[in-house]
Amino acid sequence: MRQNIHPEYRQVVFMDVNSGYKFLSGSTKKTNETIEWEDGNTYPLLKVEVSSDTHPFYTGKQKFADKGGRVDRFMKKYNMENKEK
């Protein structure tokens, strides 16, 4: 195997930004943030949008993020009535 071409594999803490759930795993992804883990050591911190703690497949709950269309959001923002409905 060629030397110095592979990324550094290390222990990192993944944190679900929606629930705050954290777990320790290995990764080659780089980050500037760090966090102190339960064992007292400091590890790089990677923030993720979805983990097993919030994914519908694992939780059995489906979340719908229905924000409406552009017109509906505009009307709501400016407290206007939508005459098309």
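Computation of the quantities below employed the complete heavy-atom set of this structure, encompassing side-chain atoms and omitting hydrogens, waters and symmetry-equivalent molecules.
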- In sequence, state the C-alpha distance, the side-chain angles, and the governing distance for Phe14 and Ser51, and then conclude on side chain to side chain contact (heavy atoms under 4.5 Å, CB included). CA-CA 9 Å; Phe14 288 90; Ser51 70; over 6 Å; no
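- Side-chain heavy atoms closer than 4.5 Å link hydrophobic residues (I, L, V, M, F, W, Y) into clusters, and following such links, even through other members, never connects Leu46 to Tyr43.
- Using a 4.5 Å heavy-atom cutoff, the side chains of Met80 and Phe74 are in contact.
- To the nearest 0.5 angstrom, Thr28 atom OG1 is 11.5 Å from His6 atom NE2.
- Rounding to the nearest 0.5 Å gives a distance of 10.5 Å between CZ of Arg10 and NZ of Lys29.
- Shortest non-hydrogen contact noted between Leu45 and Lys47 is CD2-CE, 3.9 Å.
- Cluster membership for Val12 and Tyr21, using ILVMFWY side-chain heavy atoms within less than 4.5 angstrom, is shared.
- A distance of 10.0 Å separates CD in Gln11 from CG in Asn41, rounded to the nearest 0.5 Å.
- Closest of all the heavy-atom pairs between Leu24 and Val13 is CD1-CG2, 3.8 Å.
- Residues Asn18 and Glu49 approach most closely at ND2-O, 2.6 Å, considering heavy atoms.
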